[in-house]
*Asks:* 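Let me begin by handing over the structure; questions about it come next.
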Amino acid sequence: MLEKIKTLIAEVELFSAKNLDELEEFRIRFLSKKGEVTQLFSEFRNVIPEQKKEFGQLLNDLKTKTQDRVNKLKEDLKNNEQSSSDLDLSLTADSQQQGSRHPITLVRNEIIDIFTRLGFTVSEGPEIEDDWHVFSALNFPPEHPARDMQDTFFIEKDPDILLRTHTSSVQVRVMEGQKPPIRTISPGRVFRNEAISARSHCIFHQIEGLYIDKDVSFADLKQTLLYFAKEFYGKDSKIRLRPSYFPFTEPSAEMDVSCSLCGGKGCNVCKYTGWLEVLGCGMIDPNVLESSGIDSSVYSGFAFGMGIERTTMLKHGIKDIRLFFKNDVRFFEQFQ
Ligand code: PHE
């Protein structure tokens, strides 16, 4: 009896099947209700006591080896079937969809890269802010229209908690927490209570820059921005500064860059003026420095800020800001 089991184990170990039918035959012969293994189990009670232990062990061995063999052969046959049947090696491979970064991220990184080369660090701050960091510390008078519900999303009144309308709030936090010299840019999301159209959105992104040290002048501001314009819009770019007004800078200016799409000749992106309006800037108002605890008789500085959506639209001639938020792959695919 013991010999019989050993012979069967050897047979199982050597068995191979050409197809699933043969394998099924083998399984029935060994493992079915009337199969070899089941029959041997029923003979267990007739085995003499001294052999019961060895018999039991060998029989269990036969059972597991048979089951393992069946499973392994089944797997092999299935794999073979898959690889040999419908496989046509001459077919071209399916095209792989390649992901790309969002154009806003790409342009943000490009701008960060340019200013990092000039020694600027990157600062970030909260999107939910208080009145102080968004308005008061930046010299906004109490009745300034930006403080109106029409322009700003308020979360709570008295004390005012709101969604930041610009990332200048981050600059206030930097001025409060660091001593000059300060050279930093703050990229981030901002929120304004505006109707959504092709030209404006209630959520968009900004990058604002801040430079504070002794003897910082308007010439430093102009040179920094010219460097940025040449790096970002192309080395032949020209800039011009037009007088403007912001509560936190004095003097203030708007910067235009020569249209990179038509080279200044005039096209429908620059509305045939040859110039694109790209950012706001100015020398930091001494009141702003003082509010953040910086001595304005020792230090001076400049600041600038630009919308990333607008910057991206101008650089790539995109006509509708809503495209950035629609998540249409056909649009994103163009920015690999
Ligand atoms: N904070 C201004 C805005 O949101 C931009 C700006 C920043 C202007 C710094 C001047 C100086 O429009």
Side-chain angles (χ1 to χ4, degrees), residues 104-105 107-140 144 146-147 152 159-192 203-218 220-225 227-228 232 246-253 255 278-308 311:
I104 296 302
T105 309
V107 168
R108 186 197 62 182
N109 290 350
E110 196 179 340
I111 299 172
I112 290 177
D113 220 48
I114 294 170
F115 285 102
T116 322
R117 291 205 287 277
L118 289 175
F120 283 75
T121 59
V122 176
S123 317
E124 285 182 345
E127 292 178 347
I128 299 175
E129 267 290 9
D130 50 22
D131 172 279
W132 171 257
H133 290 95
V134 177
F135 298 130
S136 299
L138 288 160
N139 206 31
F140 279 79
H144 193 281
R147 291 173 182 252
T152 303
D160 286 345
I161 302 295
L162 43 100
L163 296 179
R164 66 180 180 197
T165 58
H166 52 186
T167 54
S168 305
S169 53
V170 182
Q171 314 196 327
V172 174
R173 288 183 180 275
V174 171
M175 287 189 283
E176 285 172 342
Q178 291 175 29
K179 285 196 166 47
I182 294 172
R183 232 182 303 175
T184 192
I185 48 170
S186 36
R189 224 164 22 159
V190 299
F191 308 84
R192 288 185 197 175
I203 303 176
F204 58 100
H205 298 76
Q206 279 192 330
I207 287 201
E208 299 213 352
L210 175 75
Y211 186 12
I212 305 172
D213 204 348
K214 289 176 182 153
D215 303 323
V216 176
S217 73
F218 203 92
D220 298 316
L221 168 63
K222 196 175 164 191
Q223 204 53 39
T224 305
L225 294 180
Y227 174 79
F228 164 72
F232 186 79
F246 299 102
F248 35 91
T249 45
E250 182 59 38
S252 307
M255 181 178 104
V278 295
L279 57 82
C281 59
M283 301 307 290
I284 304 165
D285 193 301
N287 283 343
V288 172
L289 294 173
E290 295 293 337
S291 313
S292 303
I294 293 173
D295 188 344
S296 64
S297 64
V298 181
Y299 294 105
S300 56
F302 64 73
F304 55 87
M306 65 191 110
I308 306 182
T311 306

*Asks:* Does a donor on one side chain sit under 3.5 Å from an acceptor on the other, for T165 and R147?
*Replies:* no
*Asks:* Can you find a pair of side-chain heavy atoms, one from L163 and one from I128, that are under 4.5 Å apart?
*Replies:* yes
*Asks:* Consider ring pair (Phe, Tyr, Trp, His ring centres under 6.0 Å). Of Y227, F304, F232, which one does F115 pass it with?
*Replies:* F304
*Asks:* Which pair of non-hydrogen atoms, one from H144 and one from P247, has the smallest distance, and what is that distance?
*Replies:* NE2-CG, 3.9 Å
*Asks:* With rounding to the nearest 0.5 Å, note down the distance linking CD1 in I185 to CZ in F228.
*Replies:* 9.5 Å
*Asks:* Got a sec, which pairs hit salt bridge (charged side-chain N to carboxylate O under 4.0 Å, His left out) with one end in residues 110-119, sequence neighbours left out?
*Replies:* E110-K315, D113-R117, R117-E231
*Asks:* Between the main-chain N or O of T184 and the side-chain N or O of T121, is there a donor-acceptor pair closer than 3.5 Å?
*Replies:* no
*Asks:* For residues S252 and F246, report the shortest heavy-atom separation together with the two atoms involved.
*Replies:* OG-N, 3.3 Å
*Asks:* Show the numbers, then the answer: is there a side chain to side chain contact (heavy atoms under 4.5 Å, CB included) between M175 and V288?
*Replies:* CA-CA 9 Å; M175 287 189 283; V288 172; 3.7 Å; yes
*Asks:* Within a reach of under 6.0 Å around CG of D295, are more than 12 heavy atoms found that belong to other residues, nucleotides or ligands?
*Replies:* yes
*Asks:* In terms of heavy-atom contacts, does CD1 of I161 have more than 12 from other residues, nucleotides or ligands at under 6.0 Å?
*Replies:* yes
*Asks:* Could you measure the distance from the CD atom of E127 to the OG atom of S169? Nearest 0.5 Å is fine.
*Replies:* 10.0 Å
*Asks:* Once rounded to the nearest 0.5 Å, what's the spacing between atom OG of S300 and atom CZ of F218?
*Replies:* 12.5 Å
*Asks:* Looking only at heavy atoms, what is the nearest atom pair of L138 and S168, with distance?
*Replies:* CD1-CB, 3.6 Å
*Asks:* I need the E129 CD to F135 CZ distance, nearest 0.5 Å.
*Replies:* 10.5 Å
*Asks:* Might you point out which heavy atoms bring C281 and T249 nearest each other, and give the distance in Å?
*Replies:* O-OG1, 4.1 Å
*Asks:* Is a side-chain donor or acceptor of R108 paired with a backbone partner of G188 at a separation under 3.5 angstrom?
*Replies:* no
*Asks:* With no hydrogens and no angle check, is any side-chain donor or acceptor of S296 less than 3.5 Å from a backbone partner on L289?
*Replies:* no
*Asks:* Is the closest side-chain heavy-atom distance between T311 and V278 below 4.5 Å?
*Replies:* no
*Asks:* Any donor and acceptor pair, going by atom type alone, linking the side chain of E124 with main-chain N or O of P187 inside 3.5 Å?
*Replies:* no
*Asks:* When rounded to the nearest 0.5 angstrom, what is the spacing between CG in L221 and CD1 in I284?
*Replies:* 10.0 Å
*Asks:* Where the side chain of R164 meets the backbone of V134, is there a donor-acceptor pair that is under 3.5 Å apart?
*Replies:* no
*Asks:* How many angstroms lie between atom CD1 of I182 and atom OG of S292, to the nearest 0.5 angstrom?
*Replies:* 8.5 Å
*Asks:* Less than 4.5 Å apart, side chain to side chain, heavy atoms only: is that true for V170 and E208?
*Replies:* no
*Asks:* Salt bridge between R183 and D213, side-chain N to carboxylate O under 4.0 Å?
*Replies:* no
*Asks:* Carefully, step by step, assess V107 and H205 under the rule side chain to side chain contact (heavy atoms under 4.5 Å, CB included).
*Replies:* CA-CA 11 Å; V107 168; H205 298 76; over 6 Å; no
*Asks:* Determine, stepwise, if the pair F204 / I308 fulfils side chain to side chain contact (heavy atoms under 4.5 Å, CB included).
*Replies:* CA-CA 8 Å; F204 58 100; I308 306 182; over 6 Å; no
*Asks:* Hey, mind stepping through F248 and H166 against ring pair (Phe, Tyr, Trp, His ring centres under 6.0 Å) and telling me if it holds?
*Replies:* CA-CA 12 Å; F248 35 91; H166 52 186; 5.7 Å; yes
*Asks:* Is there a donor-acceptor pair closer than 3.5 Å between any side-chain N or O of T167 and the backbone N or O of S186?
*Replies:* yes
*Asks:* Is it the case that more than 12 heavy atoms not belonging to E176 sit under 6.0 Å from its CD atom?
*Replies:* yes
